[in-house]
Amino acid sequence: MLKHLRENKSAQGTLLALPTMVWMMGLLIIPLILTAVVSVGQRSPDGNVIYSFSLDNYIRLIGYSTDCANGQASCFDPLYVSILGRSLTLAFNTTVLVILLAYPLAYFIARAHPKKRNSYLFLVLIPLWTNFVIRVYAWMILLRQEGVINIILGWLAHLFHIPFQPLEMLYTPGAVLVGMVYEFLPFMILPIYTSLEKIDNSLYEAAADLGANAARTFTRVTLPLSMPGVVAGTILVFIPVMGTFIVSDILGGRQVILVGNLIQRQFLDARDPTFGSAASLILMVMTLIVTYFYTRKFGFGEEIVVA
Amino acid sequence: MNPHRRSPFVSLAAILVYVFLYAPIIALVLYSFNASKANVKFEGFIPAYSDRVVTEGSLVKSSPCGPFHWYCDLAKNREVIGAAKNTLTIAFTATIIATIIGTMAALALQRYDFKLKPFSQLSLYIPIVIPEIVMGIGILTLFSQVFGWLNTTFSLNGDARWTMGLGTVIVSHIAFMVPFVTLVVQARLQGFDKSYEEAAMDLGANEWTTFRRVTLPMILPGVLSGALLAFTLSLDDFVITFFTNGPGSTTLPIYVYGLLRRIITPQVNALSTVWILVVLTAVILLQVIQGRESKQYS
């Protein structure tokens with residue numbers, strides 16, 4: 001049998017890939033299938049799953065209800081749809097803000113002297129190595145009513161003799177947006193930098209020789225050639241923002257509920273895994289659709305693996 | 001035209017983004033020296049050293065460790081030490097397994113043709129394109145259903161019951177690490193000259209010797225950077241651990257999250273500061289080692 005294996009290249013390949021395939025099957029694909037199966041099941045009174053086929057959870061997500069307060073036959077409750085909408089809007093806003101902040105920095109690093117580039121990049125990576133949860137907590141210190149930002153604003157106001165009331169920033173949608181932008185900014189800087197760094201200097205020289213000014217060089221040379229980085233960065237930012245629940249949990253203080261919070265609560269507080277699974281599946285489908293159309297329009301950047 | 005010439009606006013914007021990146025971290029470190037136990041306002045440093053801790057209301061007036069009071073407090077915190085141990089146990093075990101099987105898969109995908117190859121390659125991209133929470137609750141459902149079934153079918157009681165713990169966390173961490181290891185090693189294998197291996201075989205080395213003496217040393221930098229990436233992903237992971245941990249397998253991120261929802265003393269800041277310092281030291285050490293190696297070869 002061993003001799004047979006020595007000659008059979010295909011069997012060797014399968015054997016080498018086998019442990020990984022077992023893991024991907026057992027902890028990725030089977031759990032996803034199970035999520036789909038559970039999502040059409042029903043919740044038992046003690047919070048377990050009764051396997052059956054009903055679309056109740058999905059109907060509840062859309063907001064259609066037959067159990068109405070005012071005695072009508074059916075009514076519409078947009079609660080969950082609005083949560084989905086809020087998550088999509090937040091992910092979109094975060095991605096746009098992150099691109100606006102990441103691009104100048106990535107450009108700065110890419111155009112810096114080659115000897116300095118690594119140090120500049122290192123400075124981007126240090127915050128990334130600080131733990132995710134710790135980074136959210138750091139913003140609590142800054143945004144609190146007696147926090148650092150209000151102290152600084154107070155000083156400035158005092159300096160210019162302006163009356164000052166401490167701003168309420170923590171536990172608002174704005175705080176969640178800032179937290180998300182902060183958490184995912186490095187994931188955009190790295191791929192944009194990678195694609196900007198690849199641009200050959202001779203292209204800039206050619207553009208200059210042909211009489212293009214700085215703005216025209218940027219819009220016709222730099223920007224188009226850095227698009228793969230922007231696309232890869234968008235995927236690396238948009239998808240996790242859609243599913244994250246810690247940022248909204250800590251900086252939103254239960255005021256800002258996103259899909260992630262909805263799912264998490266179904267599994268921990270509400271003990272309704274069937275509804276949580278349905279919401280989770282909807283979340284997955286939503287991100288896949290957005291990613292599909294986005295990458296079909298702009299292409300799937302290689303930079304994603306680099307980051 | 002000087003290629004490194006930049007508009008001053010770009011430099012200004014870059015400086016502002018750096019300030020944005022570092023302001024929270026500086027505040028975090030500063031507040032780890034806060035004299036105020038409530039840690040809402042910065043009440044100044046703890047002024048003096050003394051034999052025992054002296055407090056006045058919520059203010060710490062003096063402490064055996066002086067300004068480093070919260071760091072000493074942290075060192076005595078058993079929960080933190082336990083969580084740190086768990087975090088490292090999980091990261092090391094999962095990284096070793098994920099690196100080995102991920103490298104094997106990379107070799108298979110790059111070198112061999114087999115029936116399930118397209119499927120295996122595609123499955124590696126799943127963790128990148130779906131949110132982590134979807135994976136987390138899927139794994140949670142799988143474990144709770146399987147364990148529930150095992151426990152009732154074999155009517156297991158007490159310690160014999162299958163429960164979530166270090167094991168489930170490690171197994172789940174391996175699942176999200178493997179794709180990254182495989183993709184990194186694969187990228188390394190792509191630029192690989194096969195003639196070295198053919199030369200070794202021609203000179204009479206068998207496959208195993210060829211792998212050990214030729215292939216492995218050449219792909220080692222890729223394998224190591226894959227392992228490092230996997231290790232940092234594990235240290236940083238919150239979501240998957242959150243859904244797969246059980247009693248006795250709390251990691252540092254889970255512990256910190258728990259504290260944030262209750263009372264936060266500057267101890268959390270001290271813990272964060274130590275964390276940043278440890279990670280930073282490890283990364284700088286690695287850079288130095290890698291720098292030396294690349295100098296040796298060039």
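Lettering of chains follows the sequences in order, A, B, ..., and the numbering in each one begins at 1. Please read these numbers as outputs of a predicted model, since none were measured by experiment.
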Inset, instruction - State, without any angle test, whether A/D272 and A/T274 hold a side-chain donor-acceptor pair at a distance under 3.5 Å. - result: yes
Legend entry - Aromatic ring proximity, centroids under 6.0 angstrom, A/W23 and B/F176: no
Inset, instruction - Please flag which part of A/T287 lies under 4.5 Å from any non-hydrogen atom of chain B: side chain, backbone, both or neither. - result: side chain
Inset, instruction - Report yes or no: do B/N245 and B/T241 form a side-chain donor-acceptor pair below 3.5 Å? - result: no
Inset, instruction - Counting only heavy atoms closer than 4.5 Å, note whether A/S10 contacts chain B via side chain, backbone, both or neither. - result: both
Legend entry - Toward chain A, the part of B/F20 with a non-hydrogen atom under 4.5 Å: both
Legend entry - Part of A/L288 within contact of chain B (heavy atom distance under 4.5 Å): side chain
Legend entry - Structural part of B/F180 lying under 4.5 Å from a heavy atom of chain A: neither
Inset, instruction - Identify which part of B/L12 has an atom lying under 4.5 Å from any heavy atom of chain A, answering side chain, backbone, both or neither. - result: neither
Inset, instruction - Could you tell me which portion of A/L142 (side chain, backbone, both or neither) has an atom closer than 4.5 angstrom to a non-hydrogen atom of chain B? - result: side chain
Inset, instruction - Using non-hydrogen atoms and a 4.5 Å limit, figure out which bit of B/F114 sits close to chain A: side chain, backbone, both or neither. - result: both
Inset, instruction - Could you tell me which portion of B/I130 (side chain, backbone, both or neither) has an atom closer than 4.5 angstrom to a non-hydrogen atom of chain A? - result: both
Legend entry - For chain A, the option from B/V178, B/D113, B/L107, B/I174 that forms the most heavy-atom pairs under 4.5 Å: B/I174
Legend entry - Cation-pi, A/F122 ring and A/R117 (6.0 angstrom, 45 degrees): no
Legend entry - Main-chain N/O of A/G276 paired to A/S280 side chain as donor or acceptor, under 3.5 Å: no
Legend entry - Contacting region of A/F245 [heavy-atom separation from chain B under 4.5 Å]: side chain
Inset, instruction - Could you look at A/F218 and say if it's the side chain, the backbone, both or neither that has a heavy atom under 4.5 Å from chain B? - result: neither
Legend entry - Residues B/K41 and A/E146 bridged, charged N to O under 4.0 Å: no
Inset, instruction - Side chain from CB out, backbone as N, CA, C, O: work out which of these in B/V279 comes under 4.5 Å of a heavy atom of chain A, or both, or neither. - result: side chain
Inset, instruction - Below 4.5 Å from any heavy atom of chain B, which atoms of A/F132 appear? Answer side chain, backbone, both or neither. - result: both
